[in-house]
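Numbers restart at 1 for each chain; the letters A, B, ... are given by sequence-line order, proteins then strands.
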Protein chains: 2
Amino acid sequence: MPNRYNGAIMATRTRRSGSQLSPDQIIEAVLRIAERGGSDAFTVRRLGEELGADPTAIYRHFRDKDELLLSVADRAFGEAIDGIPAGLGWKDRLRALAAGSLRVALKYPVVVSMTASRTTRREREFLIVEFILECVHEAGLEGGEAALLYRSFGDALLAFIGQTAAFRLFDPDVQAGDLAAWAREYRTLDPARFPHITRLSDELAAVDEQEIFDVRVEAMVSEIERRAALTSRRRAAPAPEEPSEQA
Amino acid sequence: MPNRYNGAIMATRTRRSGSQLSPDQIIEAVLRIAERGGSDAFTVRRLGEELGADPTAIYRHFRDKDELLLSVADRAFGEAIDGIPAGLGWKDRLRALAAGSLRVALKYPVVVSMTASRTTRREREFLIVEFILECVHEAGLEGGEAALLYRSFGDALLAFIGQTAAFRLFDPDVQAGDLAAWAREYRTLDPARFPHITRLSDELAAVDEQEIFDVRVEAMVSEIERRAALTSRRRAAPAPEEPSEQA
DNA sequence: CCGGAGAGCGCAACACCGTTGACAACAGTG
DNA sequence: CACTGTTGTCAACGGTGTTGCGCTCTCCGG
């Protein structure tokens, strides 16, 4: 029998006249699915269901699933940068970008976890790159040093949200098991072999995810600031000893 | 019932002469495959081929592919910590751990990319946790602050090597495309809309991956140092203003 | 010394995945 | 009206992880 997703037979037939599917409609369907579902949410067949169309209809609008994914990701990342208020200093702008990115990762975990080591090369990616470069520039970095710290910050942020998103995709059982490990298994290790773990087992179990996020963001912000201070100092007093900023 | 908590029973019971497969043999076969192959290297059927056995034979020794993966990952991460020389300061020990982890990620990309947001809860993971905690302790952090910075460093490291490994797994075409984007597409953007990108396009294309790695590791090391300095200062002179480390 | 028990493996099959090629129905154009 | 190109449907292909069944062969108790 034709079309086993039955509710939609007549609809597809009649609406067949115009093109019922558009790239935007498909992208939005993916975002809807991603927002609802777990790790297996974004499959071609499920997307067909969501659209009330044959799964393979997508291939009329996107070369393959990967191209669709990148388009979806670009749309999603747009949300990360949207709500950033103007008039903030470069540090707070970077912090706001990080917070927005994390928000997106928690909203569309499937999409973010599949994209976090990719380059979309689309409109909104350029916007974010420009955004970070502007911050780095305002911090006082130039040329190769600015490029390096942009890449470091951007990659670090992407890695973090990708990691977070991927974790949220595991079965609740696996997630719970991983989290409980801190409270259960680490506490019962041999204190002779693992003195620090056993001593800190309570504190290890109590660490807050949000705090980890803040530490990692702050580490990158401070690193940018530190390197900016170094270059400006070098510019002011040319060629002293490379100041060894540690013990 | 098959023997799912591998190793232990086999060891106590006299070893069956007829059984050709052991958990260790399987783990090593996976490592061999992972070292050779790309993203599709670690499949059950390929593993069967490598072992010269039926693919499903694995399920007599591991509950499912995931349990096998975690065992393999634990073995692999052992290599990260093995070659770290004694007698280094905490900073250099953390740097050595990071370098070793990156080495492992490049050696077994499939394994690392599949594990980077997981917890193996196995022997060698505990060793690495203890290792980092010892460094953080030596840096001067205690209690909840030590736990927090351990988690931040560990997760950041895991995220980075996972991201790197995942990238190496893409088709060479995709990899080349992503890398070339910096040199090609970013250069042709509209300078009015993207002034920083176009101004720095040459430097962006020239950024070295190893430098990014160093920046990100150094950022975390510095953050640990910074927070350690704050707590010790707080301990020396209790409850002043939170010292804002200059704008 | 023998026979049952059960571990280890092979095989076929299942449900799912992304993707392709052939075909049908429609829109727009001459 | 006929033609052409676009878009949706459908069946099918090769891939994945996993399971149930049956065979073999080792081990252990009698």
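- Closest to the side chain of B:R45, out of D:dT18, D:dG8, C:dG8, is D:dT18.
- Using a 4.0 Å heavy-atom criterion, one finds that B:D64 contacts the sugar-phosphate atoms exclusively.
- Distance CD (A:E67) to P (C:dG18): 16 Å, rounded to an integer number of Å.
- We find that A:R103 and A:E79 are not joined by a salt bridge, their nearest charged nitrogen and carboxylate oxygen being 4.0 Å or further apart.
- Considering only side-chain atoms of B:T56, the nucleotide from D:dG8, C:dC9, D:dT18 that sits closest is D:dT18.
- A residue-by-residue look at B:G52 and A:R46 shows that B:G52 has its nearest nucleotide of DNA chain C further toward the 5' end.
- The CG atom of B:D66 sits 18 Å away from the P atom of D:dT16 (whole-angstrom rounding).
- With salt bridges taken as basic N to acidic carboxylate O contacts below 4.0 Å, none links A:R216 and A:E211.
- Looking at A:D24 and A:R75, their side chains come closer than 4.5 Å, going by heavy atoms from C-beta outward.
- If you take CG of B:D40 and C1' of D:dG17, they are 15 Å apart, rounded to a whole angstrom.
- Counting non-hydrogen atoms under 4.0 angstrom, A:F62 reaches nothing in the nucleic acid.
- At whole-Å resolution of the value, CZ in B:R60 and C1' in D:dC25 are 15 Å apart.
- For B:H61 and C:dA7, the shortest distance from a side-chain N or O to OP1 or OP2 is not below 4.0 Å.
- The cationic group of A:K65 lies under 6.0 Å from the six-membered ring centre of A:F42 and within 45° of the ring axis, placing it in a cation-pi geometry.
- Of the candidates C:dT19, D:dG17, C:dC9, the closest approach to any side-chain atom of B:K65 belongs to D:dG17.
- Checked against C:dG10, D:dT9, D:dT16, the side chain of A:D54 finds its nearest nucleotide in D:dT9.
- Following rounding to the nearest Å, A:L47 (CG) and D:dG8 (P) show an atom-to-atom distance of 12 Å.
- In this structure, the nucleotide among C:dG18, D:dT16, D:dT9 sitting nearest to the side chain of B:T43 is D:dT16.
- Ranking D:dG17, C:dC9, C:dG18 by closeness to the B:L21 side chain, first place goes to C:dC9.
- For the pair A:L69 CG and C:dT19 P, the computed distance is 11 Å after rounding to whole Å.
- Judged by the 6.0 Å distance and 45° axis criteria, B:R118 is not positioned over the aromatic ring of A:F167.
- Here D:dT19 is the nucleotide among C:dC9, C:dG18, D:dT19 with the atom lying nearest to any side-chain atom of B:Y59.
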